[in-house]
Amino acid sequence: MGNRDAARLSLFLLLAPLVLWIGLLIILPHLGIGYLSLREKVAPRVYQFSFANYVDFMREPIYWNTLLRTAVMSVLVTVMTLVVGFPIAYYIAKVAGRRSRAALFLLCLVPLWVSDLVRAFGWIVLLRETGLISGFLQWSGLARGPVELLYNDATVVVGLVYTVVLFMIVPIVSTLDGMDNSLIEAGYNLGGSRWTVLRRIVIPYAMPGIVAGCIIVFMLTAGSYLTPILLGGKNSMWFTEQIYEQFITRYNWESGSTFGILLLAFTSFVVWAGLRLSGQSLATTVAKG
Amino acid sequence: MTNDLECERLTKRFGPFTAVDGVSFEIPRGSFFSILGPSGCGKTTLMRMIAGFEQPASGDIRIKGRSVLDLPPNRRNVKMVFQHLALFPMMNVGENIAYGLRCAGVARNEIERRVKDVLARVGLPDVAGKEVAQLSGGQKQRIAIARCMVLEPDVLLLDEPLGALDLKLRERMKIELKLLQHQFATTFVYITHDQSEALVMSDRVAVMNAGRFEQIGTPQQLYHNPASAFVAGFVGDSNRWAGRVVGPEGQGVRVDIGDGLSFVAAGSAPAGTAVDIFVRPEAISLAAAMPGANRLDGMVDSLLFNGAASRVLVRLADGQLVEVAHVPDGREGGLEVGAPVALSWSPDQTRCFSRAA
Amino acid sequence: MRVQLTTTLAAAALLAFSGSAQAETLRILTWGGYAPDAIIKEFEKKYPGTKVEVTLSNNEEMIAKLRATGGAGFDLAQPSHDRIFAVQKEYGVYKAMDLSKIDTDKIAPNLLEAVKTNTTIDGKVHAVPHQWGTSGIMADKTKAPNVTGWPDLCDPQYQGRTSMRLRRTILLGTAFGMGENPFEAYGDKAKYQQIMDKVAEKLIACKSIVKTYWQGGDDLINLMKSGEVIVSETWDSTAYRLYAQNPNIVYVPPATGALTWIDTFAIPAKGQADAAAYNWINFVMQPDIVKLMSASTGATSAVKNGADLLPDDKKAAVAAAFKPKDLENLKFFANIQPGIEDIEGKVLERIKAATAK
């Protein structure tokens, strides 16, 4: 009896941090913003329950255009991250020697050692009109005048890919790690070309890692704030910026909360659609990866 | 030209280490050829060179008389059954078998027909729709072979495919493999460190040690006429003594093994040569000695009953144990532990090899 | 988004906790440079029982922070004079001020009056002036010698070489530049909407001329110093800082009048160190402290002879920028009425969302 109580207590103690974490830092704030989003301000300090904030969102094309744009750009970033990250992950997992593996992994981690802000400023130093790359292009004669490389969508995409690529590499490396090399050799041995082996054996095997990486990257990208704003400059249009504006500049917590809930719902929908299209489920991907 | 596979002075080095050292052999069409050796002897490297996963440092590999050194693995008509089979987990059984055909661009209905056909030939006609994980160990084995055989390869390489099976299944699969090989009439090259697998299934066996072939021959030749001390020790069980040649005697030489004991062994070597002597347990008789036989006296130490493969361990005066084949007939009055026995065997059955310096 | 929100809420929670800190701490919520270490040291020397803690912020975040906690977590805040009235009506985050505890006779009467009228609710005053400055135009004389006002920011001859901060100041400035008086339209929302629609159109068309929108003072300094931008909207203090490094970069009070702000002292509703807060307010009005303060902020103190107490280099910069007629033409930011900020916010969103061509 006492033994069982002790077991129960230790289970409780083990779970307590998780429950507190999820409860206090995830569920509670979301309940809070969910509640806020359903309040409509009718007069100073007077609120009533309504869906007016959601209706406002639907009525204002700027808002849902920004949300759509954020989603489309995030999908683009996810695809590019996959294209860039997969070969790196394959190299780390299957080609590199044991020692260079650790070094490569570390190299991928380096961007995460500095803060978002510093990273974005690094890009600004490189890409601005009087920056290093512009200077190099002029020096080498490839460009006649100064070149402004900031403040456009391509720069935002590149900056985001750089920031999140590690989150694509790690889950793919960990699934490919578990892959017996003889599967690849068997693929060749039975007459497969490089492309066939990649398409029919390596990619299907890595699929859980790929999907997990894509989900993480997509969510991180859609929820990122500093990189799109600093690199996008006057042309940045990111939904998180709208949320910040609502909360901070316009003191409109109600509509800010509405936007937050909508971003969460919309990105969840995109992830769900992606899972359906790729025939995967959360249990076989994120949980495994 | 009747050889399916020929290797000529094949050598492979990894840095300063020579994994395969000037190996030459040829395998006639439709035979079962085994490469037998302890782990690390270079047999896997040899097989990977044949499959095209490693490039030899020198030498040549010819399949049906044509050098394949310049062909990548996917263009060689040599298929391989991997140690852990390497069935593709993302495909079902039918897709696994169809994979190679699809790579070769075979038409869809033709693929379907050939998959069905090969599954029938390996005796698993109804598993095409199953997932790989649903199969038993033996079934997986047959699917792995079917996946290769459906492509009608010139040579099928098998890399210790029985290693992962339990003993009983392994015994059964040995026979099954041999039957399959007969049925497909394709050249099998089988790699193993298990001498019994090699002896049971093969038409010919190559014994490999430290990157070289010690001997190539039929299982009987290897067993009865080993060409080197390594082969004698590695293939089958042997009693072994170290000694020194005294001088020629009869057809062979007399060897002094110390403690005042000496045997006559087949072979020839100058007096004073350090040698190893090998005697198979089944060559030793517990019955009355023939004239001219080698003899030893001892005492029954233990009886190891194992049906037809039963053994008696006999302890000599100096404490050494000798293994003797002895099948008890089940009647009363057999051997008893502690009973004195006299061992004898003919000099023809006594192999003697000079010890490598 | 969630990161943003969680931080906000976590910050709010932390603030609520730290509200119970000991009464000897004076927690100031203010702008960068408004509480330099040198002054804090002097203050703590004079009032040994008080420890000063500084949190740097801007108008929007100041309000957001105080609103999150209902006015707790800080003992003294420094919002601009036009950002108090509506916020106080809506959220009640400030306490009424006890002017008898402040040496009001040291403050320039016109500024004190302006702040009093702007922040009186139900007969109670909620803020006193601290420093003032203007928003206008900054230009590199060598490359843009003929800059006179807001319309120059959208002049095609400076294509790709102008910058502004996409906040309400630029909306107001542009309105003035177009011959409107937005402050007079504050009472008439329809009229104000009309003006803002015109401003939006203008600024959207202007987007292709603007290089980028600057985010903060350092950002702007970098853009000007590198020469990437030659004409920009600016705070005068930022322009003065650049003038000290490069006398070609001057502050130009717009012909329609520089927009003038007064940063104030206000006491948060749940402040816990009112006495220390009043001490600080009086302390920073001493002439030698005013000098230190102006050197740190670049803005002019609201004490009677504030301009005389500017450091020499700032005095020179002011002299280079302001003619007497400019000083007579200052446009004080008018109180923001409820609803005005919504109109402005939507206009800013529209401008931000438009594509530059």
Side-chain angles (χ1 to χ4, degrees), chain A residues 82 86 89-91 93-100 171-214 275 277-281 283-289, chain B residues 44 47-54 68 71-92 95-106 111 115 118 132 140 143-161 163-164:
Chain A
L82 179 60
F86 190 86
Y90 186 82
Y91 186 87
K94 291 286 162 219
V95 184
R98 201 175 292 170
R99 219 173 309 157
S100 54
I172 297 181
V173 166
S174 80
T175 40
L176 284 181
D177 250 350
M179 182 178 190
D180 188 351
N181 281 342
S182 63
L183 285 181
I184 299 172
E185 288 183 345
Y188 286 122
N189 181 258
L190 294 168
S193 61
R194 265 167 209 280
W195 169 240
T196 314
V197 171
L198 181 71
R199 191 173 55 85
R200 298 210 45 211
I201 296 166
V202 179
I203 290 182
Y205 194 95
M207 209 52 184
I210 290 174
V211 173
C214 285
L275 284 173
L277 283 178
S278 66
Q280 302 279 328
S281 78
T284 58
T285 56
V286 179
K288 203 173 165 189
Chain B
T44 298
M47 175 164 282
R48 290 174 60 79
M49 282 195 285
I50 298 170
F53 297 127
E54 305 281 357
V68 294
L71 286 182
N74 55 349
R75 306 277 303 282
R76 297 188 185 186
N77 201 14
V78 171
K79 301 304 159 201
M80 184 156 171
V81 176
F82 287 81
Q83 193 162 12
H84 300 291
L85 305 181
L87 292 174
F88 303 131
M90 67 293 283
M91 306 179 196
N92 68 21
E95 289 166 343
N96 258 286
I97 295 172
Y99 171 86
L101 295 170
R102 282 179 61 178
C103 290
V106 177
I111 291 180
V115 168
V118 81
V132 171
K140 281 183 191 165
I143 296 305
I145 292 166
R147 185 173 74 169
C148 295
M149 294 318 297
V150 76
L151 299 172
E152 293 164 3
D154 296 329
V155 175
L156 181 69
L157 306 174
L158 301 102
D159 186 5
E160 306 204 33

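Chain letters run A, B, ... following the sequence lines, proteins first and then strands; every chain starts at 1.
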Original post:
Considering only heavy atoms, which portion of B:Arg48 lies under 4.5 Å from any heavy atom of chain A: side chain, backbone, both, or neither?
Top reply: side chain
Subject >> Contact origin within B:Val150 toward chain A - heavy atom pairs under 4.5 Å >> reply: neither
Original post:
At a heavy-atom separation under 4.5 Å, does B:Leu101 approach chain A through its side chain, its backbone, both, or neither?
Top reply: neither
Subject >> B:Val68 side chain near B:Ile50 side chain, heavy-atom distance below 4.5 Å >> reply: no
Original post:
Heavy atoms, side chains only, cut-off 4.5 Å: are B:Leu156 and B:Leu158 in contact?
Top reply: yes
Subject >> Most chain B-contacting option - heavy-atom pairs closer than 4.5 Å, from A:Thr196, A:Val197, A:Ile201 >> reply: A:Ile201
Original post:
Which one of B:His84, B:Glu95, B:Met91 has the most heavy-atom pairs closer than 4.5 Å to chain A?
Top reply: B:Met91
Original post:
Given side chains that start at C-beta, do those of B:Arg102 and A:Arg200 come closer than 4.5 Å, heavy atoms only?
Top reply: yes
Original post:
Got a second to check how far B:Ile97's CD1 is from B:Ile145's CD1, nearest 0.5 Å?
Top reply: 11.5 Å
Original post:
B:Met90 versus chain A, heavy atoms under 4.5 Å apart: side chain, backbone, both or neither?
Top reply: side chain
Subject >> Greater than 12 external heavy atoms within 6.0 Å of A:Arg194's CZ >> reply: no
Original post:
Are the side chain of A:Asn189 and the backbone N or O of B:Val78 linked by a donor-acceptor pair below 3.5 Å?
Top reply: yes
Original post:
Contact part of B:Phe82 toward chain A, heavy-atom cut-off under 4.5 Å: side chain, backbone, both or neither?
Top reply: side chain
**OP:** Give, as side chain, backbone, both or neither, the part of B:Phe88 having an atom under 4.5 angstrom from any heavy atom of chain A.
**Re:** both
